[in-house]
Number of protein chains: 2
Amino acid sequence: MIGENLKKNNGRGPFCISESLVKRLSRYHRTLESVAGLGVTYIASRELAEYNWVTSAQVRKDLSSFGNFGKRGMGYPVEGLKQELEQILGLDRRWSVVLVGVGNIGRALLAFGEFRHRGFDIVACFDIDPKKIGHGLRGIPIHHFDDLPDLVKQHGAEIGIIAVPTVSAQEVCNRLLDAGIRAILNFAPVRLEVPDGVTVRYEDMSIELEALSFALTSGRSV
Amino acid sequence: MIGENLKKNNGRGPFCISESLVKRLSRYHRTLESVAGLGVTYIASRELAEYNWVTSAQVRKDLSSFGNFGKRGMGYPVEGLKQELEQILGLDRRWSVVLVGVGNIGRALLAFGEFRHRGFDIVACFDIDPKKIGHGLRGIPIHHFDDLPDLVKQHGAEIGIIAVPTVSAQEVCNRLLDAGIRAILNFAPVRLEVPDGVTVRYEDMSIELEALSFALTSGRSV
DNA sequence: AATTGTGAACCTCTTCACAGCT
DNA sequence: AGCTGTGAAGAGGTTCACAATT
């Protein structure tokens, strides 16, 4: 969905980037993190490609939509490219995240240390069940959902995670938008209605298992 | 990646189905489950489309790759189509799943009741940490990883979930393949090397947060 | 000699538009 | 009249292949 050459519209404009491109950039970034640890200073598109199961042309095209980061004959400078990707992806800072719904998924996400490690801090979580309020999990307090706006403002949170039952997801989404949240990770298996300028990503683990079920049943790979 | 009309190759052949098509079929199935509960008997492609944020042509094309399930002038029979999709997706049975790695993600998945609800039973889990062995979680025993082959056979498990650190993922994958597993859900952020006929799905929650980070940083939607 | 950056070709998936049923 | 099923057209994303550069 790249409308035009992004280099000519750097950081501006309403251009839509394909989901797959952003995911690939994230993976390139991880690869760079790990090879940087090994002392590698330059990496060719071919190597970056092998690690991520894409073609080298894909890597070059992906990177070239954001700038000319490589040196012909040498490849890409590992540290430099890593930093460029961090700027592009917004990984050169930490993000405050609020979590709504402390049921099975919610608790699982709180236990999942990887988010913090990747720069995303769950600063507060919310539920409507009075029995859950107050009992902090892993040092993160559980608040009543009504206190959402205050706490979002207080923590400067910019990302919301929805981990409530499907029927409540849209309502929770609306409240998050009211509180100023513009980016949502939704674990409820339902499409959310949001205005322009708000990004929603969907995480649906059951659907991945169903894809495996399909593959085993049909004998086709997916 | 639909090679040819699937109706003419029904259930046979090495045809590859696009990831997005399978996911849409799963969503259609869920929609049918919920409208079936409301007593609706026929549903038009337009309605099915609205629930899932796709076009009605997309719905018709998707379904028509597997058969002629609709009645012109009326739409699709809810119950009939639901059953067809269950057959196509392999959701007309239960699946036995083994989970490898009882760290944060592993425990989270065990706590996540949705899998069982959708027909996937985690029948055994595995770890290499002797301190964890034996202590069952939610009635599911934790075995030593060495016992994997026996228990896979014993339970007739066909799906494996990998929830171990990145460095061990490929090794665990190989052992799962040795044990006869042909479908894997991998939570480690690394591409797995597998032979033809094996399906791997990747689940990477951090990458979704990074996509949100990108959207907020760049002002572009994803 | 090696590797990037990129226009063009290619391929896959989505949407259009309408013939064909009910 | 209403809706499906589908060939054709369109859009978007990927790969090819080569000129440009170090």
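As the structure is a prediction and not an experimental result, all values here were calculated from the model. All values below were derived from every heavy atom in this structure, side-chain atoms included, with hydrogens, water molecules and symmetry-related copies excluded. We name chains A, B, ... by the order of the sequence lines, and we start the count at 1 in each one.
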Polar side-chain contact B/K71-D/dG2 base: donor and acceptor under 3.5 Å: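 Absent.
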Filtered N/O pairs between nucleotides 17-19 of chain C and protein, under 3.5 Å:
residue, atom, partner, partner atom, Å
C/dA17, N6, B/R60, NH2, 3.2

Between B/T55 and C/dT15, is there a contact of a side-chain N or O with OP1 or OP2 at under 4.0 Å?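 For B/T55, the contact criterion (side-chain N or O under 4.0 Å from OP1 or OP2 of C/dT15) is met.
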At less than 4.0 Å, is any side-chain N or O atom of A/S45 found next to OP1 or OP2 of C/dT4? Yes or no.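 Answer yes for this pair, as a side-chain N or O of A/S45 is under 4.0 Å from OP1 or OP2.
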Check: A/Q83/A/Q87 side-chain N/O donor and acceptor closer than 3.5 Å: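 No, no side-chain donor-acceptor contact under 3.5 Å.
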Side-chain donor-acceptor pair present, B/Y28, B/D62, cut-off under 3.5 Å: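 A pair is found: one side chain offers a donor N or O, the other an acceptor, under 3.5 Å apart.
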Distance check needed: [N] [atom2] versus [X] [atom1], whole Å only.
X: A/L48; N: C/dT3; atom1: CG; atom2: P; result: 13 Å
X: A/E47; N: C/dT4; atom1: CD; atom2: C1'; result: 14 Å
X: B/F69; N: C/dC21; atom1: CZ; atom2: P; result: 19 Å
X: A/I43; N: C/dA2; atom1: CD1; atom2: P; result: 18 Å
X: A/Y42; N: D/dT21; atom1: OH; atom2: P; result: 17 Å
X: B/L63; N: C/dT15; atom1: CG; atom2: P; result: 15 Å
X: A/Q58; N: C/dG5; atom1: CD; atom2: P; result: 15 Å
X: B/D62; N: C/dT12; atom1: CG; atom2: P; result: 17 Å

Counterpart residues, side chain to side chain donor-acceptor pair (under 3.5 Å), relative to [X] (two or more places apart):
X: A/R60; result: A/S45, A/S56
X: A/E208; result: B/K23, B/R201
X: B/E203; result: none
X: B/R175; result: B/E171

What pairs meet the salt bridge (Lys or Arg N to Asp or Glu O under 4.0 Å) rule with one or both residues in residues 36-56 of chain B, with sequence neighbours excluded?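 Listed once each, the pairs are B/R46-B/E50.
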So which of residues 76-87 of chain B are in contact with DNA chain D, with a heavy-atom cut-off of under 4.0 Å?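 Only B/Y76 qualify.
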Of all of residues 24-40 of chain B, which get a heavy atom below 4.0 angstrom from DNA chain D, listed by number?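 Nucleic-acid contacts, sorted: none.
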Check ring pair (Phe, Tyr, Trp, His ring centres under 6.0 Å) between A/Y76 and all other residues, then give those that pass, not counting sequence neighbours.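 Once residues adjacent in sequence are excluded, A/Y76 has no partner under the ring pair (Phe, Tyr, Trp, His ring centres under 6.0 Å) criterion.
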Just jot down the salt bridge (Lys or Arg N to Asp or Glu O under 4.0 Å) partners of A/E84, sequence neighbours excluded, or say none.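 None.
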Between A/G73 and B/R46, which residue's closest nucleotide on DNA chain D lies nearer the 5′ terminus?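 Mapping each residue to its closest nucleotide by heavy atoms, the 5'-most match is B/R46.
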N/O donor to acceptor pairs below 3.5 angstrom from side-chain atoms of residues 104-117 of chain A, sequence neighbours left out:
residue, atom, partner, partner atom, Å
A/N104, OD1, A/R107, NH2, 3.3
A/N104, ND2, B/A111, O, 3.0
A/R107, NH1, A/V102, O, 3.3
A/R116, NE, A/D121, OD1, 3.3

Answer yes or no: is there a donor N or O on one side and an acceptor on the other, between the side chain of B/W95 and the main chain of B/G90, under 3.5 Å?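 Indeed, once roles are kept as given, a pair shorter than 3.5 Å links the two residues.
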Donor-acceptor contacts under 3.5 Å from residues 33-41 of chain A side chains, at least two apart:
residue, atom, partner, partner atom, Å
A/E33, OE1, A/R118, NH1, 3.2
A/S34, OG, A/T31, O, 3.0

